[in-house]
Structure formats: structure tokens, C-alpha cells
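To start, the structure itself, in C-alpha cells.
Remember, it's 1-based here, ligands and their atoms both numbered in the order they're listed. In what follows, residues are counted from 1 in the order of the sequence shown.
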Amino acid sequence: MEKIPKILLESLSNAESVVVLTGAGVSAESGIKTFRDPDGLWAKFNPMELASVNGFMSNPQRVWEWYQFRREVVNNAQPNPGHYAIAEMEKLFPQFTLITQNVDRLHQRAGSKNVLELHGNIIENHCFKCKEPYKKEIDLNSKELPICPLCGAYIRPSVVWFGEMLPEYELSKAYEVSDSCDVFFSVGTSAEVYPAANLPYQAKRNGAFVVEVNPNRTSFSHIADVCLTEPSGVILPILITEYKEYIKGKK
Ligand code: BJW
Ligand code: ZN
């Protein structure tokens with residue numbers, strides 16, 4: 001029995017441009033904790049202490065160690081079928097953009113090429129003060145907080161913390177593709193953090209067919225044209241299979 005509504009398959013078959021926005025839920029099946037689920041990171045850790053400029057300034061060592069711990073988790077994780085399905089989508093449509101809030105680089109490891117990282121990533125680092133990229137390899141077993149060779153300030157992970165601006169190019173490109181796409185997917189995100197949470201609304205306002213992939217309802221669910229309420233690692237591979245069958249049947 002088919003699990004994907006026909007109307008979605010039909011919209012995809014007519015689509016010139018498809019956009020996928022992802023959040024932490026996509027990596028949940030890889031064993032990486034989300035932020036706002038009951039067992040998520042923010043249930044155990046204070047975001048203002050660990051993911052803000054003030055948090056870093058008041059205890060840089062603690063923040064650095066927390067990111068070292070998260071890097072180790074990511075290093076030991078593997079992309080899951082949801083990541084691979086999204087990487088395959090890139091090959092199925094004339095224009096495809098993946099906008100991710102995720103900082104774990106699992107999309108790229110699954111083969112996604114056209115990726116806009118809205119919140120940076122935890123793999124790279126730069127100087128807290130002069131912003132110069134820090135290229136030396138980081139020993140994941142070391143707790144030592146590196147110092148910038150140029151200005152002597154602390155090195156920080158290249159993520160976007162609360163209160164910080166998102167990278168300009170990525171954000172403007174994300175708005176541009178969301179404004180003009182035919183089908184927009186919001187996958188594994190609670191859609192609570194701005195400005196990323198504006199993008200599905202933006203797409204909807206501009207006439208896109210909007211799909212939410214999330215086992216739980218979000219504040220955005222009532223706006224979506226279709227809600228696929230299963231884990232992304234389960235439903236996205238099914239979507240790909242059913243879409244290919246649908247296209248074959250249309251020829
Ligand atoms: C599954 C699943 C499965 C589970 N399959 N799905 C009021 C006061 C102060 C600030 C603000 C304010 N109003 C707005 C702001 C701005 C603030 C903001 O939005 N705050 C809100 C929380 C209210 N935004 C910012 O500060 C941003 N900058 C900015 O706006 O600059 C201008 C400005 C400055 C100052 C004031 C106002 C404007 C920056 C945001 C940076 C976010 N950074 C983080 C941390 C990154 C680094 C790190 O990882 O350490 O990014 S926070 C965290 O949330 C992370 C994520 O990318 C982001 C989004 O979370 P996501 O991905 O949606 O995860 P969850 O956990 O929320 O949801 C997971 C979902 O998956 C759930 O729905 C599950 O159901 C689902 N799921 N299993 C599919 N198998
Ligand atoms: Zn520096």
C-alpha cells in the first residue's frame with residue numbers, strides 16, 4: 001500500500017525547484033540528540049551557558065569541552081537512510097537546495113553537495129576575536145582550549161550561537177530559494193528557531209507545496225499541505241521509491 005499522498009508525488013513530478021530544510025530530527029536516527037525533544041540537549045544543558053557569546057565569555061573552557069564531547073559523538077555517528085534519501089533527491093530534480101540547521105556535517109558525509117549551513121558546523125573553528133579560521137587539527141581527547149596564533153584570543157567552534165547573526169550568503173540564498181521553489185520540505189525541525197523558522201512560511205506564502213516530515217506536530221504543521229508523521233529515516237526512502245515508481249508510470 002502506498003504511503004505517500006498522490007498529490008505530493010504529482011507536485012514533485014511537476015517541480016522545477018525543490019528545497020529541503022532540515023533540523024536535528026534528521027540526525028536523531030544516527031544517535032545524535034536533538035535539542036528540544038524530552039531527552040534533547042536543552043533538557044540537560046542550559047543553552048545560554050553553552051550556546052551563546054556570553055556563555056563562552058564567562059566560561060570558555062566549559063563551552064569548549066561541551067563541543068569536544070559533541071564532536072566525539074558526531075565522529076562516531078554515521079549518516080542514516082534519511083540523509084541518504086535527501087542526498088538522492090539532489091539528483092532527481094532540475095534544481096535542488098538543501099538548507100540545514102544541523103552542525104554535524106552528516107548530510108555532506110551522505111553525499112549531499114548543494115548544502116547551505118545556516119548555523120555553521122561543529123567541525124571547523126575560528127578565533128573568537130579576530131575571526132581568523134583555525135586550521136590546526138583538534139585532538140578530540142584533549143581538553144586544552146586552543147589559542148589564536150595571530151591575536152592570542154580563544155578559539156571557538158564555527159557554529160551560530162543565540163543572538164549571533166546567521167552567515168549572510170547562506171541566509172540570503174536560503175530566502176531566495178525558499179521564495180521561488182515549487183515544493184518545500186521541512187524535515188526534523190521544531191521550527192522554533194528564527195530566522196530559519198521563517199523559511200517554510202515564506203515558501204508557503206509564495207505558492208510552494210509545503211511538506212512537513214516529523215513524527216510530532218509543530219507550530220507549523222497546520223500550514224503544511226502534507227504532514228508525513230514518521231521518522232525521516234523511515235519515510236524519506238519510501239518517498240524516493242514511490243516517486244520513482246510514479247514517474248515510471250507517468251511515462
Ligand atoms: C524527528 C525525528 C526523526 C525527532 N525524524 N523528525 C526572543 C529573545 C531572544 C532571541 C530571540 C527571540 N525571538 C527570536 C530570537 C532569536 C533567536 C531565536 O529564534 N530564539 C527562539 C528560540 C525564540 N535566534 C537567534 O538568536 C539566531 N540569530 C538571530 O536571530 O540573529 C539576529 C538576532 C539577534 C538577537 C536577537 C534577535 C535577533 C541564531 C540562532 C542560532 C541557533 N543555534 C543553535 C545551536 C547551534 C550550535 C550548536 O549546535 O551547539 O542551533 S540552537 C539549536 O536550535 C541549533 C539548531 O540548529 C536549532 C534548531 O533546532 P532544530 O534543528 O529544529 O531541533 P529541535 O530539537 O528543536 O527539533 C527537532 C525536531 O525533530 C522535533 O520537532 C522532533 O519532533 C523531530 N524529530 N526525531 C524526523 N527521527
Ligand atoms: Zn585571533
List every atom of ligand 1 that sits less than 4.0 Å from any heavy atom of A28, numbering the atoms from 1 in the order shown and giving each element.
78 (N)
Does Y169, at its OH atom, have more than 12 non-hydrogen atoms belonging to other residues, nucleotides or ligands within less than 6.0 Å?
no
Please identify which atoms of ligand 1 are closer than 4.0 Å to at least one heavy atom of E192.
21 (C), 22 (C)
Is the shortest distance from a heavy atom of G163 to ligand 1 less than 4.0 Å?
yes
Salt-bridge criterion met for E176 and K173 (N-O under 4.0 Å):
yes
Establish whether atom 7 (C) of ligand 1 and some protein heavy atom are separated by less than 4.0 angstrom.
no
Has ligand 1 got any nitrogen or oxygen that is less than 3.5 angstrom from a nitrogen or oxygen of A51?
no
Please write down residue, atom name and distance for the protein heavy atom closest to atom 48 (C) of ligand 1.
R70 NH1, 3.3 Å
Any N or O on W42 sitting closer than 3.5 Å to an N or O of ligand 1?
no
Please could you name the atoms of ligand 1 that A24 approaches to less than 4.0 Å, counting only its heavy atoms?
61 (P), 62 (O), 64 (O)
What atoms in ligand 1 come closer than 4.0 Å to a heavy atom of P195?
30 (O)
K248 atom NZ: more than 12 heavy-atom contacts under 6.0 Å
no
C148 SG to C151 SG via the Zn ion (ligand 2), rounded to 10°, gives 110°
Among non-hydrogen protein atoms, atom 2 (C) of ligand 1 lies closest to G25 O, 3.4 Å
Heavy atoms of other groups near L150 CG, more than 12 under 6.0 Å:
yes
Short list, please: which atoms of ligand 1 are under 4.0 Å from a heavy atom of D37?
4 (C), 72 (C), 74 (C), 75 (O)
Answer yes or no: is there a donor N or O on one side and an acceptor on the other, between the side chain of Q202 and the main chain of Y175, under 3.5 Å?
no
Between Q61 and Y154, does any side-chain donor sit less than 3.5 Å from a side-chain acceptor?
no
Under a 4.0 Å heavy-atom limit, does Q101 contact ligand 1 with its side chain, its backbone, both, or neither?
both
What protein heavy atom is closest to atom 52 (S) of ligand 1, reported as residue, atom name and distance in Å?
F162 CZ, 3.4 Å
Determine the interplanar angle of the F162 and W42 rings, folded into 0 to 90°, and report it as parallel if under 30°, tilted if 30 to 60°, perpendicular if over 60°.
tilted
For atom 51 (O) of ligand 1, grab the closest protein heavy atom and report residue, atom and distance to one decimal in Å.
H119 ND1, 3.3 Å
Less than 3.5 Å between some nitrogen or oxygen of E29 and one of ligand 1, yes or no?
yes
Answer side chain, backbone, both or neither: which part of V103 comes under 4.0 Å from ligand 1, heavy atoms only.
side chain
Quick test: of every protein heavy atom, which one is nearest to atom 40 (C) of ligand 1, and how far off is it to 0.1 Å?
V193 CG1, 3.7 Å
Electrostatic pair R105-E117, nearest N-O below 4.0 angstrom
yes
Protein heavy-atom partner closest to atom 69 (C) of ligand 1 - residue, atom, separation in Å
G188 O, 3.7 Å
Applying side-chain hydrogen bond (donor to acceptor under 3.5 Å, both in side chains) between Q68 and each of E72, E65, R71, report the one that passes.
R71
Between F220 and Y201, how do the two ring planes meet: parallel, tilted or perpendicular, split at 30° and 60°?
perpendicular
Of all the heavy atoms in P215, does at least one lie under 4.0 Å from an atom in ligand 1?
yes
Basic-acidic side-chain contact under 4.0 Å: D225, K204
yes
Would R62 pass as a cation-pi partner of W66, given that its NZ or CZ must be under 6.0 Å from the six-membered ring centre and within 45 degrees of the axis?
no
Could you tell me, atom by atom, which parts of ligand 1 come under 4.0 Å of a heavy atom of T189?
61 (P), 63 (O), 70 (C), 73 (O)
Less than 4.5 Å apart, side chain to side chain, heavy atoms only: is that true for K113 and K91?
no
Please determine if E230 has a nitrogen or oxygen closer than 3.5 Å to a nitrogen or oxygen of ligand 1.
no
Of all the non-hydrogen atoms in the protein, which one sits nearest to atom 43 (N) of ligand 1, and at what distance?
V160 O, 3.0 Å
What's the shortest distance from atom 60 (O) of ligand 1 to any protein heavy atom, and which residue and atom give it?
R36 NH1, 3.0 Å
Quick one: which of E230, E245, E242 gives a salt bridge (charged side-chain N to carboxylate O under 4.0 Å, His left out) with K3?
E230
Does any N or O atom in N214 lie less than 3.5 angstrom from one in ligand 1, N or O only?
yes
Rounded to the nearest 10 degrees, what's the angle SG of C127 makes with SG of C130 at the Zn ion (ligand 2)? Could you check?
110°
Protein non-hydrogen atom found under 4.0 Å from atom 36 (C) of ligand 1:
no
What's the spacing between L106 CG and H83 NE2 if we round to 0.5 Å?
4.5 Å
Might you confirm whether atom CD of E164 has over 12 heavy atoms from other residues, nucleotides or ligands at distances under 6.0 Å?
yes
Contact atoms of ligand 1, heavy-atom distance to E164 under 4.0 Å:
27 (C), 28 (N), 29 (C), 31 (O), 39 (C)
Which of the numbered atoms in ligand 1 are under 4.0 angstrom from any heavy atom belonging to L166?
27 (C), 28 (N), 39 (C)
